[in-house]
Asker: 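Quick one: the structure is below, and I'll ask about it shortly.
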Amino acid sequence: MYGIFMESVVIFKNYTGGRYIMALFFLALFYLLTAEKDRRKRAVFVYMPLSLLLLFFCPLFRKVFVRLMSGSGDTYYRMLWLIPMGIVTAYGAVKLAGSLEERLGAWVGRGVLAVMAIAVAVCGKYVYASPYMSPAENLYHLPQKVIDICELIAPEEGEERIWAVFPTDLVYFVRQYDTDIQLLYGREMVEPKWNYFEPVHEIMNHPTRIDIEELLRLTRERYCTYIVLPHNKGVSAAPEEFGLELLDTVEGYPVYYDPVAARMLEEAFG
């Protein structure tokens, strides 16, 4: 049981990242435990976060969770998504500032609130410093290049769904924008821990060069009519030599249509 508990501690540390932000959260939580008298607010800002934390660190609960998830505990950290850490911290700061303002005056309360805001900014990290985060380019919060490519190849309304191949760095986003574009491989291939094998992905994921002839042999067997090549890799031969038609190049990604695969699809299914 102790080992399971320590695993939960490690998961919690990895999830929370900066310890200073977590210190502010716990300070706000325990302040509200003593200062908040409204029962409904205590239920939201105190009892619920504390209950979730106790369940998260409980070895028995984790064993049940893993059992229900068919033996996989990879998603256990998602329990922490239910804890409104930012809201508890903010509400605790506002509650403290309001209390001090009533007792010591408006400027004291405002000063404490300003100090808390500065503390949150200093203790936190700049979000866009992470390689996994970037400013939103559109209302969908998806890379604009993915949207442009999808708009280029997407079937018209009422037409059949299409099959396409995308580079590994784009497959996460395609299904979020247009489900009429079916991928020969998706996120399951990108995650090494799932240990899936897909020959098309192996070719597309080659570190330096795409074997066009072998790629087309595999994609045509599965009637894949659109191929988006990586922007930073070479090719064994010009795709046009094998009958591909270049539709456009979107931010360095060549987008090809394969009329041979389209003809094979028509002959096979009419």
Side-chain angles (χ1 to χ4, degrees), residues 1-36 42-93 95-96 115-136 141-143 168-173 175-176 185-198 201 205 207:
M1 290 295 181
Y2 178 74
I4 297 175
F5 170 76
M6 290 308 299
E7 287 178 4
S8 298
V9 172
V10 172
I11 293 172
F12 184 78
K13 287 181 178 179
N14 291 336
Y15 174 82
T16 55
R19 58 187 177 183
Y20 301 113
I21 285 289
M22 289 310 302
L24 293 177
F25 163 69
F26 282 115
L27 286 173
L29 182 61
F30 289 115
Y31 169 72
L32 292 173
L33 182 62
T34 59
E36 182 57 67
R42 285 178 68 86
V44 174
F45 296 113
V46 179
Y47 298 144
M48 186 265 285
L50 281 176
S51 299
L52 288 172
L53 283 171
L54 290 173
L55 285 175
F56 180 82
F57 288 110
C58 176
L60 289 175
F61 178 82
R62 187 169 180 217
K63 290 184 72 172
V64 172
F65 180 94
V66 172
R67 177 71 61 85
L68 293 175
M69 296 300 293
S70 301
S72 174
D74 292 344
T75 58
Y76 190 62
Y77 70 93
R78 294 182 182 178
M79 266 200 66
L80 298 171
W81 292 356
L82 301 174
I83 304 175
M85 297 180 181
I87 296 175
V88 170
T89 303
Y91 181 71
K95 180 76 174 178
L96 175 62
V115 169
M116 288 296 295
I118 293 171
V120 170
V122 171
C123 294
K125 297 178 181 178
Y126 183 58
V127 173
Y128 297 125
S130 168
Y132 305 107
M133 300 293 292
S134 59
H141 287 243
L142 298 173
T168 300
D169 57 321
L170 303 183
V171 296
Y172 283 102
F173 311 107
R175 65 175 182 167
Q176 299 180 53
Y185 58 85
R187 180 170 173 261
E188 74 281 357
M189 292 305 310
V190 178
E191 297 290 344
K193 64 183 178 182
W194 289 335
N195 200 30
Y196 288 170
F197 176 77
E198 165 58 60
H201 178 258
N205 207 39

Asker: Are side-chain N/O atoms of Y76 and E7 paired as donor and acceptor at under 3.5 Å?
Answerer: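 No - no donor-acceptor pair under 3.5 Å links their side chains.
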Asker: Could you give the distance from OG1 (T89) to CE (M116), rounded to the nearest 0.5 Å?
Answerer: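 Going from the OG1 atom of T89 to the CE atom of M116 covers 7.0 Å.
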Asker: To the nearest 0.5 angstrom, please state how far the CE atom of M79 sits from the CZ atom of F61.
Answerer: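 With rounding to 0.5 Å, CE (M79) is 4.0 Å from CZ (F61).
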Asker: Does the side chain of E36 come within less than 4.5 Å of F45's, by heavy atoms?
Answerer: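 No - every pair of side-chain heavy atoms lies 4.5 Å or more apart.
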Asker: To the nearest 0.5 Å, how far apart are CG in L24 and CG in L29?
Answerer: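 These two atoms lie 12.5 Å from each other.
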Asker: Is any side-chain heavy atom of F12 closer than 4.5 Å to a side-chain heavy atom of M22?
Answerer: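 F12 vs M22: side chains touch.
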Asker: Ignoring hydrogens, what is the shortest heavy-atom contact between I83 and P49? Give both atom names and the distance.
Answerer: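 Looks like CG2-CB, 4.1 Å.
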Asker: Would you give the length of the straight line joining atom OH of Y77 to atom CZ of F56, rounded to the nearest 0.5 angstrom?
Answerer: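 These two atoms lie 11.0 Å from each other.
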Asker: Heavy-atom count around I87 CD1 within 6.0 Å, excluding the residue itself: above 12?
Answerer: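 No.
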Asker: Out of curiosity, F57 CZ to I11 CD1, how far, rounded to the nearest 0.5 Å?
Answerer: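 Between F57 CZ and I11 CD1, I get 9.5 Å after rounding to 0.5 Å.
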Asker: Determine whether L33 and R42 make a side-chain contact, defined as any pair of heavy atoms from C-beta on separated by less than 4.5 Å.
Answerer: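 The answer is yes; the side chains approach within 4.5 Å.
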Asker: For a quick test of reading the model, state the closest non-hydrogen atom pair linking L82 to M48 and the distance between them.
Answerer: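 For L82 versus M48, the nearest heavy atoms are O-SD, 3.8 Å.
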Asker: Calculate, to the nearest 0.5 Å, the distance between atoms CG and CG belonging to L80 and L53 respectively.
Answerer: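 Here the rounded value is 7.5 Å.
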Asker: For A35 and K95, work out which heavy atoms get closest and say how close.
Answerer: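 Looking at all heavy atoms of both residues, the closest pair is O-CE, 4.0 Å.
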Asker: Which pair of heavy atoms, one from G92 and one from A28, lies closest together, and at what distance?
Answerer: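 Heavy atoms only, the tightest pair is CA-CB, 4.2 Å.
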